[in-house]
Undergrad: 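Take this structure, written in structure tokens, and hold onto it; I'll ask about it next.
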Protein chains: 2
Amino acid sequence: MEVDLKSFFEPQSVVVVGASATPHKSGNDVIRNILANEYAGKLHLVNPKGGKILGINVHKSIQDLPDGIDLAIIILPAKANPQSIRDCAAKGIKAVVLAAGGFAEVDEDGETLQRELITTIRETNVRVIGPNTSGHTSTPHNFTSSFFPLGKIPRGSISYIAQTGNFATHTMRYIMSGENFGVARVVGLGNKVDLDESDILEYYWKDPETKAIFVYLESFKRPRRFLEIAREVTRVKPVVLLKGGSTAEGAKAAVAHTAALASDDGIIEGALKQAGIARVHKYSHLFLIAKALAAMPLPNGNRVSFLAPSGAMLVCLTDLCEQALDMSVPGVEETTRRRLQEISPPFIRMRNPVDIWPCATVRGVEYAYREGMEAVLKDPNIDAVVPILMLTDDTGVPPFDFIVELARRYPEKPVYVTFSGEKKHMEAAKAFLEPKGVPTFPLIEDPFEILSVLDQCRRAMKRP
Amino acid sequence: MEVDLKSFFEPQSVVVVGASATPHKSGNDVIRNILANEYAGKLHLVNPKGGKILGINVHKSIQDLPDGIDLAIIILPAKANPQSIRDCAAKGIKAVVLAAGGFAEVDEDGETLQRELITTIRETNVRVIGPNTSGHTSTPHNFTSSFFPLGKIPRGSISYIAQTGNFATHTMRYIMSGENFGVARVVGLGNKVDLDESDILEYYWKDPETKAIFVYLESFKRPRRFLEIAREVTRVKPVVLLKGGSTAEGAKAAVAHTAALASDDGIIEGALKQAGIARVHKYSHLFLIAKALAAMPLPNGNRVSFLAPSGAMLVCLTDLCEQALDMSVPGVEETTRRRLQEISPPFIRMRNPVDIWPCATVRGVEYAYREGMEAVLKDPNIDAVVPILMLTDDTGVPPFDFIVELARRYPEKPVYVTFSGEKKHMEAAKAFLEPKGVPTFPLIEDPFEILSVLDQCRRAMKRP
């Protein structure tokens with residue numbers, strides 16, 4: 001039973017019910033967001049006062065609206081939500097986003113109201129995202145229902161399913177200001193009275209705009225259905241999941257957050273793995289891994305090469321890969337080794353991982369990293385390359401074009417950049433490289449932790 | 001048998017043997033470093049050419065030097081090192097730093113040379129740091145023997161023992177430019193032909209300038225001695241260790257780096273734990289945990305409170321604490337809970353961890369975090385507090401003085417700041433808070449990982 005979510009992700013015309021003329025109110029911010037994202041469809045507004053808001057005519061009621069509207073965003077107090085849904089249904093609007101909180105996540109009255117909402121949905125056959133959602137986003141259609149001021153959301157290939165409002169609020173702001181990647185679709189699930197993670201996952205499965213799927217959940221509404229769909233999706237795209245509430249204490253916090261009930265974590269762990277889902281345990285990984293996947297392909301294996309200006313880093317990162325991350329730091333072909341030896345002073349025996357310091361000291365930072373990276377990128381034993389750039393005033397800071405160029409010439413192998421040196425140069429490298437499609441990470445361990453998760457995704461795609 | 005390391009850490013007069021007039025050569029950079037650090041003792045230079053370097057008279061040989069010099073920094077090719085030591089000994093210089101590489105870490109000739117060095121040291125009774133060291137630093141005495149351009153190294157309470165040159169080169173540059181904390185002593189051990197990690201640890205033990213000790217090792221020269229000393233040190237100060245080469249592949253990299261032979265990791269693990277050492281597995285932790293300890297006290301327990309503007313963060317971080325980090329996110333006293341409830345809109349039931357969003361939305365970001373933080377800082381069940389600051393243009397960015405003020409008023413409880421929001425505001429908060437003694441961390445998981453390691457240190461100090 002596939003749900004048609006086209007009205008949510010590709011609406012031709014939408015209405016904001018509860019539109020507000022007052023700046024900084026949700027009913028106003030949502031309009032600004034829609035305009036900022038250059039929504040090309042028709043935008044209607046409803047407010048009993050009528051008049052104009054931001055230059056747009058306001059209808060006094062849902063009844064007054066023209067026919068043929070795809071989607072309603074309802075920003076009204078919780079109690080008004082069931083009637084609004086009935087009004088929408090009467091007007092032929094079959095898709096609704098409910099922003100209001102104040103349902104099962106707060107108290108018994110809220111629970112009662114939520115039950116009424118569910119009954120109304122069943123009676124009207126209207127499909128609903130929410131309530132208690134901060135909205136959803138669909139950049140390929142220049143549309144968002146978020147009421148948190150976001151401005152123009154950058155388009156990209158990453159899609160989120162989140163049982164939290166964060167990916168339509170602060171975390172999106174952080175991604176936009178700090179991580180330089182774009183999104184395709186984002187859904188804040190809210191209380192999931194109707195549409196749930198399984199429905200959205202199913203849509204993302206076939207969605208050509210979605211290259212990788214990141215999921216934050218505190219509960220599974222239909223666990224079997226979710227796993228059933230995930231088993232198929234993970235054969236064609238990475239699915240990375242963070243399950244909140246996997247401890248007793250965390251579950252208590254989850255009840256306060258979205259009224260979600262915890263499931264037994266041990267059962268979940270095995271089921272997710274079987275379904276090919278890569279599970280993570282850090283919230284930050286939801287954007288760091290997304291950034292890596294947005295810019296670069298999924299690696300073809302778990303064999304990494306890295307170039308560091310420090311023996312200690314070579315040693316520690318090899319330990320980390322082999323011990324904690326299930327990554328391999330393999331030997332390279334003899335031709336590769338010879339090339340590495342050729343560019344380096346003779347006193348050091350070159351291998352993978354690559355000690356780039358002697359070469360960089362003698363022949364300059366740019367030459368060392370360029371030639372060293374190319375040698376290992378060419379090697380058939382290597383699936384991904386991590387240069388740890390040495391960047392100090394004294395050793396010189398190279399122009400970074402050569403890294404962009406190398407990443408383009410070896411498109412099947414991810415290149416993730418990290419650093420050793422001065423902060424200002426790290427920031428400059430990030431500002432240069434990321435808009436050109438090469439992701440950077442401040443801490444040297446990050447790229448390896450990310451590659452380890454991506455390798456789980458790759459294995460899921462390759463499974464029989 | 002305690003070694004007197006005063007000549008290394010508090011030298012009254014030093015000589016650079018192999019002083020160079022050529023900028024960017026090690027024999028020149030080391031002089032610039034000594035001058036930049038405002039060394040107050042007497043500085044002598046030796047170079048067969050004589051003349052003046054950077055305004056300082058140059059002696060033509062060690063023999064020509066005046067008597068009574070405490071320490072020699074020898075920056076000469078490997079082969080010249082044994083004779084230099086003999087010359088120093090003849091001149092009454094009993095402490096020497098050997099910068100040259102080209103010993104056992106490169107080839108058989110180097111091994112032979114290293115054996116000669118060891119014999120010379122035994123015959124002369126000169127004490128040696130190195131060879132193959134990038135130097136050592138002692139900020140309370142405004143001194144460094146590092147030949148990597150560093151400028152003035154900020155003074156602080158953290159001391160490093162490192163079997164890598166990085167803490168006198170790139171990592172120190174990163175700490176200086178990116179992490180806003182100072183160091184007391186730093187020793188790059190190099191090949192450890194004489195002084196080793198046990199000697200330095202013993203010195204740091206009684207050193208009033210050293211509040212916490214961070215160690216990077218690829219091998220233990222005298223494992224039993226090291227553990228014996230560590231058992232005592234860890235009763236009075238935190239000792240955090242990263243052991244490189246703990247996997248077979250990592251060990252191979254370590255052989256290439258410092259000719260260190262790996263020990264069995266399983267044996268090491270138990271022994272370190274018994275000795276009260278907190279073991280870490282990430283290189284980055286060597287400066288992130290140091291930063292936390294430099295600014296704040298060791299927490300009195302593992303009970304953390306945190307304030308987040310997102311239910312998902314409350315849930316995920318609680319999971320992380322309880323599941324992976326052995327940290328507790330306990331309930332608070334009824335008076336604390338009442339205070340939290342008082343500042344918050346009534347629709348949310350307040351607890352620890354603290355959902356600060358409703359309060360911040362209604363009463364402003366500054367009020368919410370200030371009153372929320374104070375409530376949990378006061379609570380006897382809480383040992384450390386982590387505010388996850390919501391910082392966006394729209395919700396408003398508060399002045400950050402109130403955090404500095406709260407940290408001062410509750411000096412026994414660490415406060416680590418992290419963020420949710422826009423990057424520019426995070427950077428501004430970091431730039432404001434860190435120089436005033438409040439450490440910040442870009443990723444929300446960092447403070448909790450750090451607190452977990454610090455709790456191991458605390459338990460070591462409390463053991464019978």
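Throughout, protein chains are lettered first and strands after them, A, B, ... in sequence-line order, and every chain is numbered starting at 1. Fair warning: this is a prediction, and the values are worked out from it, not measured in the lab.
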Undergrad: Under a 3.5 Å cutoff, is there a donor and acceptor pairing between the side chains of A:Ser284 and B:Glu445?
TA: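 Yes - a donor-acceptor pair under 3.5 Å links their side chains.
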Undergrad: Considering only heavy atoms, which portion of B:Leu288 lies under 4.5 Å from any heavy atom of chain A: side chain, backbone, both, or neither?
TA: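 Looking at B:Leu288, just its side chain touches chain A.
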Undergrad: Identify whether the distance between the nearest side-chain nitrogen and carboxylate oxygen of A:Arg349 and B:Asp107 falls below 4.0 Å.
TA: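 B:Asp107 and A:Arg349: not salt-bridged.
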Undergrad: If the plane angle is over 60° it's perpendicular, under 30° parallel, otherwise tilted; pick one for A:Trp357 and B:Phe148.
TA: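 Plane angle between 30° and 60°, so tilted.
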Undergrad: Select, from A:Asp29, A:Leu314, A:Thr392, the one with the greatest count of heavy-atom pairs under 4.5 Å involving chain B.
TA: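 Looking at each of A:Asp29, A:Leu314, A:Thr392 in turn, A:Thr392 comes out on top.
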Undergrad: Indicate yes or no for a side-chain donor-acceptor contact from B:Asp319 to the backbone of A:Gly245 under 3.5 Å, with no hydrogens or angles considered.
TA: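 Yes, B:Asp319 side chain to A:Gly245 backbone: donor-acceptor pair under 3.5 Å.
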Undergrad: Does some side-chain heavy atom of A:Met313 sit less than 4.5 Å from a side-chain heavy atom of B:Tyr283?
TA: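 Yes, close enough: below the 4.5 Å cut-off.
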Undergrad: If I measure from the heavy atoms of chain A, does B:Glu179 come under 4.5 Å with its side chain, its backbone, both, or neither?
TA: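 Contact with chain A is absent: no heavy atom of B:Glu179 under 4.5 Å.
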Undergrad: Between B:Pro149, B:Cys321, B:Gly178, B:Ala248, which shows the greatest number of heavy-atom pairs under 4.5 Å with chain A?
TA: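 Option with the greatest count: B:Pro149.
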Undergrad: Are any of the side-chain heavy atoms of B:Glu449 and A:Lys282 separated by less than 4.5 Å?
TA: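 Yes, close enough: below the 4.5 Å cut-off.
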Undergrad: Using side-chain heavy atoms (C-beta onward) and a distance below 4.5 Å, is A:Glu249 in contact with B:Val329?
TA: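 A:Glu249 does not reach B:Val329 side chain to side chain.
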Undergrad: Could you tell me if the side chain of A:Gln323 sits less than 4.5 Å from the side chain of B:Ser246, heavy atoms only?
TA: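 B:Ser246 vs A:Gln323: side chains touch.
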